Amino acid sequence: MSPDIMRAACGMLPQAVPAVLDGFSRHPVAGEDYPGIRPAPGHQVAGLLYLDVPAAPLDRLDVFEGEQYVREEVLVTLADGRTLTAWTYVFKPEYGHLLQAGEWHFEAFLTTARQRFRSRYIGFQRG
């Protein structure tokens with residue numbers, strides 16, 4: 001959701017539009033500043049949909065997101081009511097014990113954890 005982190009992670013900044021992902025919830029990950037999403041009927045996650053991301057940046061994002069996540073195809077809803085197919089990174093069930101109760105809040109991340117996150121995760125190198 002943070003354009004500066006997206007640019008650093010995938011090597012480009014695609015156009016983005018607000019979107020909502022139904023049927024998922026977003027939670028803090030124990031000991032980390034980033035969230036994880038998991039299927040959760042009746043819930044929704046608001047975020048950004050990055051448009052037309054080429055294959056090479058998607059590969060970089062796969063590496064950046066790491067082993068706790070799997071890239072899955074989902075359906076998102078735009079502000080005008082249209083739905084689009086998109087990729088998202090879902091927290092793998094085998095790591096579900098790391099997801100904490102409650103919702104992860106982007107605004108809190110921006111004010112209290114963004115700089116720490118950037119110093120820990122931006123600049124990663126592909127293996």
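Just so it is clear, the structure is predicted and the values come from calculations on it, not from any experiment.
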Say whether F64 and L13 are linked into one hydrophobic cluster, either directly or through other cluster members, by side-chain heavy-atom distances under 4.5 angstrom. yes

Heavy-atom check, side chain of L58 versus side chain of W87, under 4.5 Å: yes

Report the residues that fulfil ring pair (Phe, Tyr, Trp, His ring centres under 6.0 Å) with F91, sequence neighbours left out, ordered by chain and then residue number. Y69

V74, L51: one ILVMFWY side-chain cluster at the under-4.5 Å cut-off? yes

Using the side-chain contact (heavy atoms from CB on, under 4.5 Å) criterion, which residues pair with P57? Sequence neighbours excluded. C10, M12, V53, P54

Search all heavy atoms of G47 against all heavy atoms of M1 and return the closest pair with its distance. CA-SD, 3.8 Å

Do D52 and P14 touch side chain to side chain, with heavy atoms closer than 4.5 Å? no

Any side-chain hydrogen bond (donor to acceptor under 3.5 Å, both in side chains) pairs touching residues 70-81, not counting sequence neighbours? D62-R71, D80-R82

Contact summary for I5 and F109, nearest pair of heavy atoms: CD1-CZ, 3.9 Å

Search all heavy atoms of F24 against all heavy atoms of V45 and return the closest pair with its distance. O-CG2, 3.5 Å

Please tell me whether L48 and L75 are part of a single hydrophobic cluster in this structure, the criterion being side-chain heavy atoms less than 4.5 Å apart. no

Sorted by first residue and then second, give each side-chain hydrogen bond (donor to acceptor under 3.5 Å, both in side chains) pair with at least one member in residues 10-28; sequence neighbours left out. D22-Q44, S25-H27

Walk me through it: do Y89 and I37 pass the test side-chain contact (heavy atoms from CB on, under 4.5 Å)? CA-CA 8 Å; Y89 290 91; I37 65 168; over 6 Å; no

Cluster check V90, V76: I/L/V/M/F/W/Y, side chain < 4.5 angstrom: yes

Given L49, which partner from the list L84, L21, T88, V20 fulfils the side-chain contact (heavy atoms from CB on, under 4.5 Å) test? L84

Please tell me whether Y34 and E65 have a donor and an acceptor in their side chains that are separated by less than 3.5 angstrom. no

Quick one, L61 and Y50 - any side-chain contact, counting heavy atoms below 4.5 Å? no

Do L99 and R38 have side chains that approach each other closer than 4.5 Å (heavy atoms only, starting at C-beta)? yes

Does K92 use its side chain to pair, donor to acceptor, with the backbone of V70 at less than 3.5 Å? no

Test side-chain hydrogen bond (donor to acceptor under 3.5 Å, both in side chains) applied to E103 - qualifying residues, sequence neighbours left out: none

